[in-house]
Colleague: 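Take this structure, written in C-alpha cells, and hold onto it; I'll ask about it next.
Letters A, B, ... mirror the listed sequences (proteins, then strands); counts begin at 1.
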Amino acid sequence: MLNLKFIQENPELVIAKLKKKNFDASAIVLQITSLSVKKNEIQASADNFKAEMNKISKEVGLLMREGKKEEANAAKKRTSELKDSIKQLDEDFAQIDKEVFNLQVLLPNLPSDLVPEGRTPEDNMVVRSFGEIPVLPENSIPHWELAKKYDIIDFELGVKITGAGFPVYKGKGARIQRALISFFLDEARDSGYLEIQPPLMVNEDSGFGTGQLPDKEGQMYHATEDNLYLIPTAEVPVTNLYRDVIVDVKDLPIKNTAYSACFRREAGSYGKDVRGLNRLHQFDKVEIVQIAHPDNSYELLDEMVAHVAGLVEKLELPYRILRLCGGDMSFTSALTYDFEVFSAAQEKWLEVSSVSNFESFQANRLKLRFRDEATKKTVLAHTLNGSALALPRILASILENNQTPEGIRVPKVLVPYCGFEMID
RNA sequence: GGAGAGAUGGCAGAGUGGUCGAACGCGGCGGUCUUGAAAACCGUUGACCGUGUGAGCGGUCCGGGGGUUCGAAUCCCUCUCUCUCCGCCA
C-alpha cells in the first residue's frame with residue numbers, strides 16, 4: 001500500500017511511475033487527492049467541536065463539585081447540539097476515510113527506476129546467464145516419465161488421495177526432497193539467516209499484511225470454519241512476524257529463512273504448464289526474508305540475488321536471471337529478479353525463484369517501522385524476500401538434465417544430504 | 001467439547017464515572033559518580049491524525065464494534081482472542 005501522504009504530495013509522480021506497470025492510476029489518484037482534502041476539512045471541524053465539548057465537560061465537572069447545579073445544567077444545554085454535529089461529522093469522516101482506503105489499496109507498488117519497460121514476459125531483461133545447456137543422450141525423457149520409470153514420484157496416487165497437483169514422493173524421491181530442504185536451509189544459515197519454523201496457516205490480518213488479501217483471495221486455500229488461510233509461501237508468516245512492530249534500527253537488516261510447504265489454488269492455470277512438477281497445488285520451498293533500512297535495501301537485494309545464484313550454481317544447473325519488466329511484475333513489488341533454470345528434456349526455462357524488494361509497500365500495510373536516530377521519528381522499513389529455493393522445478397531440471405543411461409546423477413553437493421549418488 | 005477467569009503503554013501491573021494518556025516497578029535513553037564499566041542516585045521515556053516555517057496547539061486511542069452520560073479505561077450490550085481446570089488426543 002502506497003503511503004497516503006506520498007500520494008497527496010506527489011500525484012503526478014505516482015501516475016507517471018505506474019504507467020510502467022501498465023496501470024492507469026490517474027482516476028484513482030485524482031479521487032484520492034480530492035477526497036483527502038475533504039477528509040481533512042471534516043477532521044478540522046470535528047476536532048474543533050470535540051475541543052469545545054471537552055472544555056464544557058470539564059467545566060460541568062468543576063461546577064458540580066462546587067455544588068453549582070444551576071450553572072452546570074445551563075452549561076449542559078449547549079452540548080446536545082454539539083453532540084449531533086460531532087456524530088454526523090464522525091460518520092462522514094469514517095465514510096470518506098474508508099473510501100480513500102479502498103482506493104489506496106487498488107494502487108500497485110511503484111516500480112523502481114531499474115525496471116525495464118514492457119508488457120509481457122518476452123520484455124523481461126536477461127541480466128545474467130550461467131552454465132551450458134546440456135546435450136542429453138538419445139531417448140531422453142521429461143521428468144514426469146523419469147519419475148514413473150524410477151518410481152520416485154507418483155502423481156496418480158496423489159490424485160487418488162487428494163487431487164491433481166498433490167504428488168506423492170517415494171523412496172529416493174522423498175529423500176532428495178528432504179536433502180534439498182536441508183541443503184537450502186544450511187546455505188541460508190551460512191549466509192546469516194535465522195531459521196524460522198512458522199505456522200502453515202495464517203489469519204486474515206496476516207493475509208492483508210503481505211498483500212494476499214483482499215486482491216488475491218481466490219489463490220489461497222481458505223479454511224472457512226476457522227477463517228484461516230493455508231500459506232501460499234513462508235513469506236506470509238515470516239514477514240508478519242514483524243507486523244505492528246517498531247524494530248530497533250540496530251537490528252537491521254533482520255534476516256530470516258524458513259522452510260515450508262506452500263499451498264496454491266492456481267485457479268486459471270491449465271495445459272502443458274501444469275504437467276508433472278511444473279505447477280502444483282502443494283510444494284516445498286525455502287524462503288529468505290529481510291527487513292531492511294531504506295538506505296541499503298537495494299544492496300541487500302543484490303546480496304539475496306547472489307545468494308540464490310550460488311545455490312543454483314552449486315546444484316550445477318544452467319540458469320539465467322531476469323529483471324522483470326513493468327508489465328510482468330507483481331502488484332506489491334518495486335523490483336523483481338526471477339531465476340530460471342533450463343529443463344533440458346522439456347527444452348524450456350522454468351522459474352525457480354523470484355527475489356523482490358517491496359520497499360515500504362508491505363511495511364505500510366504491516367505498520368512495520370523503525371525509529372530514525374536523527375529525527376526520533378518512526379519510519380517505514382523495507383521488506384524483501386526471495387525463494388531460495390522452490391523445490392519442484394529444481395527437482396524437475398535435476399532429473400531431466402542429469403539423466404544418463406545408468407540412471408539420474410545426483411548433484412555432488414547433495415550427495416552428503418541424500419546418502420546416494422544415483423537414482424536408478 | 002464442558003466450566004471458569006481475563007484482555008490496560010516495550011514488558012510487568014495498579015486504576016471501577018470527572019485535571020487519567022493513565023500510578024509503582026522493570027527495560028530503554030540522558031546525566032552525576034568512575035581511568036572505564038557495574039552499582040547507586042537524578043532526570044527522561046507511547047502511537048496515530050490534523051494544523052503551523054517552528055516552539056506549539058487541537059483531536060483520537062486502555063482487545064474490536066455499539067450504547068448510557070455534560071463526561072467512560074471505569075457502567076451496559078455484543079463480538080473476537082487469550083489463559084486456567086476437566087475431558088479427548090499427536
Colleague: Would Glu99(A) and Gln95(A) count as having a side-chain donor-acceptor pair, cut-off 3.5 Å?
Modeller: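 Note: Glu99(A) and Gln95(A) side chains meet the donor-acceptor criterion.
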Colleague: Considering only atom C1', compute the distance from C20(B) to A73(B) and round it to an integer number of Å.
Modeller: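 Approximately 8 Å lies between the C1' atom of C20(B) and that of A73(B).
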Colleague: Given side chains that start at C-beta, do those of Glu187(A) and Tyr193(A) come closer than 4.5 Å, heavy atoms only?
Modeller: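 No, too far: nothing below the 4.5 Å cut-off.
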Colleague: Going 5' to 3' along RNA chain B, which are the first and last nucleotides with any atom under 4.0 Å from a heavy atom of chain A?
Modeller: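 Contacts span G18(B) to G71(B), reading 5' to 3'.
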Colleague: Asp92(A) and Gln88(A): side-chain donor and acceptor closer than 3.5 Å?
Modeller: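 Note: Asp92(A) and Gln88(A) side chains meet the donor-acceptor criterion.
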Colleague: Give a yes or no on whether Phe283(A) atom CZ has more than 12 heavy-atom contacts from other residues, nucleotides or ligands under 6.0 Å away.
Modeller: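 Above 12, so yes.
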Colleague: Expressed as a whole number of Å, how far does the C1' atom of C70(B) sit from that of G65(B)?
Modeller: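 Straight-line distance between the two C1' atoms is 24 Å.
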Colleague: Of Leu4(A) and Val60(A), whose closest RNA chain B nucleotide lies nearer the 5' terminus?
Modeller: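 Nearest nucleotide further toward 5': that of Leu4(A).
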Colleague: For RNA chain B, determine which residues of residues 68-90 of chain A have any heavy atom closer than 4.0 angstrom to one of its atoms, and list them numerically.
Modeller: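 Result for residues 68-90 of chain A: Lys76(A), Thr79(A), Lys83(A), Lys87(A), sorted by number.
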Colleague: G25(B) and G43(B): how far apart are their P atoms, nearest whole angstrom?
Modeller: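 Here G25(B) and G43(B) have their P atoms 11 Å from each other.
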Colleague: Classify Lys5(A) by what it touches in the nucleic acid, base, sugar-phosphate, or nothing, heavy-atom distance under 4.0 Å.
Modeller: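 Lys5(A): backbone/sugar contact only, no base atoms under 4.0 Å.
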Colleague: Between G21(B) and U74(B), how far apart are the two P atoms, rounded to whole Å?
Modeller: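 Between the two P atoms, the distance is 13 Å.
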Colleague: What integer number of Å spans the C1' atoms of G46(B) and G9(B)?
Modeller: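 That atom pair is separated by 6 Å.
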Colleague: Which range-with-range stems can be found for RNA chain B when each stem has 3 or more Watson-Crick or G-U pairs in a row and both distances sit under 3.5 Å?
Modeller: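 Output for stems: B:1-7 with B:80-86, B:27-32 with B:40-45, B:46-51 with B:56-61, B:63-67 with B:75-79.
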Colleague: Under a 4.5 Å cut-off applied to non-hydrogen side-chain atoms, are Lys172(A) and Asp424(A) in contact?
Modeller: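 They are in side-chain contact.
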Colleague: Is a side-chain donor or acceptor of Thr33(A) paired with a backbone partner of Leu30(A) at a separation under 3.5 angstrom?
Modeller: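 Side chain of Thr33(A) to backbone of Leu30(A): a pair is present.
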Colleague: Taking atom P in both A47(B) and C11(B), compute the distance separating them and give it to the nearest angstrom.
Modeller: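 Between the two P atoms, the distance is 13 Å.
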Colleague: Inspect the surroundings of CD in Glu421(A) and state if more than 12 heavy atoms from other residues, nucleotides or ligands are less than 6.0 Å away.
Modeller: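 Counting other residues, nucleotides and ligands, CD of Glu421(A) stays at 12 neighbours or fewer.
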Colleague: Is a side-chain donor-acceptor pair under 3.5 Å present for Asn203(A) with Ser206(A)?
Modeller: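 Ser206(A) vs Asn203(A): donor-acceptor pair found between side chains.
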Colleague: Take Asp47(A) and Phe93(A), find for each the nucleotide of RNA chain B with the closest heavy atom, and name the residue whose nucleotide sits nearer the 5' end.
Modeller: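 So the residue in question is Phe93(A).
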Colleague: What's the gap between U8(B) and G13(B) when it is taken at their C1' atoms, as a whole Å value?
Modeller: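 U8(B) and G13(B) have their C1' atoms separated by 9 Å.
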Colleague: We want to know whether Gln177(A) and Asp284(A) form a side-chain donor-acceptor pair, criterion being a heavy-atom distance below 3.5 angstrom.
Modeller: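 The answer is yes; a qualifying pair exists.
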Colleague: Within the supplied structure, the quantity of interest is the number of heavy atoms (other residues, nucleotides, ligands) at a distance under 6.0 Å from Glu313(A) CD; does it exceed 12?
Modeller: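 Above 12, so yes.
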Colleague: For atom P, what is the distance between U80(B) and G64(B), given to the nearest Å?
Modeller: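 The same atom, P, in both gives a distance of 15 Å.
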Colleague: State, with a plain yes or no, whether a side-chain heavy atom of Tyr221(A) is found less than 4.5 Å away from one of Arg265(A).
Modeller: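 Counting from C-beta outward, Tyr221(A) and Arg265(A) do come under 4.5 Å.
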